[in-house]
Amino acid sequence: MAFAPDRIARVNEILKREIAEILEKENITIPNVLISITKVQCSSCLKNATVYVSVYGGGKEAEKNALFLLEEKRALIQKRVSKTVILKYTPVLRFTIDRNLEEGDRVLNILRELESGEEER
């Protein structure tokens, strides 16, 4: 059964907010690394959800460790979500690194280089 896109968007936003709050309350962190939930994308049936995560500080190793930690704590996070977000089924969470911010930074750097190159002419 597929749900209306606006309902899915609302559920995505609620899940994003709740998961971020759970990470803070349960102290699911890595020292000197910021783990941020950037987006949640539920399937049309609301049984699965991909959680996009940005990891600041520590590089690729920190990203790997953050994904490992989140997968390790997935059952706890899902249990907490099921208590605060009332849905027929609690979505099965899958964590992945969000590269959008990284790509945005790369594009901005390229634009800055192009602008500085034109100013030198």
Side-chain angles (χ1 to χ4, degrees):
M1 177 176 168
F3 292 96
D6 57 322
R7 176 162 187 221
I8 292 173
R10 284 194 313 268
V11 170
N12 288 342
E13 195 55 39
I14 290 168
L15 287 173
K16 175 185 161 189
R17 188 175 55 234
E18 288 299 320
I19 293 168
E21 205 170 288
I22 291 165
L23 294 182
E24 188 177 334
K25 282 182 183 175
E26 297 294 329
N27 199 26
I28 300 173
T29 60
I30 298 173
N32 302 319
V33 173
L34 174 65
I35 300 172
S36 177
I37 306 300
T38 57
K39 181 171 88 171
V40 174
Q41 186 91 39
C42 280
S43 63
S44 60
C45 63
L46 299 177
K47 290 185 180 181
N48 298 296
T50 302
V51 180
Y52 293 89
V53 179
S54 281
V55 179
Y56 302 99
K60 300 288 182 196
E61 189 64 30
E63 287 180 355
K64 237 190 317 184
N65 292 338
L67 283 179
F68 181 78
L69 175 65
L70 292 170
E71 280 300 323
E72 193 176 67
K73 301 289 185 177
R74 185 172 59 83
L76 171 72
I77 295 168
Q78 282 182 202
K79 184 177 178 185
R80 297 287 187 264
V81 165
S82 72
K83 290 180 192 260
T84 56
V85 181
I86 307 303
L87 296 168
K88 186 172 184 177
Y89 303 103
T90 300
V92 175
L93 304 177
R94 188 177 68 94
F95 296 95
T96 188
I97 296 295
D98 186 354
R99 302 259 181 241
N100 287 338
L101 294 174
E102 198 175 284
E103 282 296 307
D105 282 344
R106 190 179 68 76
V107 169
L108 287 174
N109 287 334
I110 291 170
L111 290 173
R112 280 190 209 106
E113 287 175 15
L114 290 172
E115 285 176 355
S116 67
E118 287 181 9
E119 289 173 3
E120 291 174 3
R121 290 182 193 178

Passes salt bridge (charged side-chain N to carboxylate O under 4.0 Å, His left out), Arg74 versus Glu71? Steps please.
CA-CA 5 Å; Arg74 185 172 59 83; Glu71 280 300 323; 3.4 Å; yes

Taking the side chain as every heavy atom from C-beta outward, state whether Thr96 and Tyr52 have any atom pair closer than 4.5 Å.
yes

Interatomic distance, CD@Glu63 vs CD1@Ile35, rounded to 0.5 Å, equals 11.0 Å

Evaluate the side chain to side chain contact (heavy atoms under 4.5 Å, CB included) criterion for residues Ile37 and Val53: first the C-alpha distance (whole Å), next the side-chain angles of each, then the deciding distance (0.1 Å), finally the verdict.
CA-CA 5 Å; Ile37 306 300; Val53 179; 4.0 Å; yes

Distance in Å, Glu26 CD paired with Ile19 CD1, rounded so as to fall on 0.5 Å steps:
13.0 Å

Residues Cys42 and Leu15: closest non-hydrogen pair is SG-CD1, 3.4 Å

In residues 83-92, what donor-acceptor pairs under 3.5 Å come from side-chain atoms, sequence neighbours left out?
unit_1, atom_1, unit_2, atom_2, d
Thr84, OG1, Glu18, OE1, 3.2
Thr84, OG1, Arg80, O, 3.3
Thr84, OG1, Val81, O, 3.4

Whether over 12 other heavy atoms sit under 6.0 Å from Asp6 CG:
yes

Do Glu61 and Lys64 sit within salt-bridge range, that is, some charged N less than 4.0 Å from a carboxylate O?
yes

State yes or no: do Val51 and Leu76 share one hydrophobic cluster built from I, L, V, M, F, W and Y residues joined by side-chain heavy-atom distances below 4.5 Å, directly or via other members?
yes

Is Leu93 linked to Ile8 within one hydrophobic cluster, defined over Ile, Leu, Val, Met, Phe, Trp and Tyr using a side-chain heavy-atom separation of less than 4.5 Å?
yes

Lys25 and Ile22, any side-chain heavy atoms less than 4.5 Å apart
no

Does a side-chain heavy-atom distance below 4.5 Å link Ile28 with Ile77?
yes

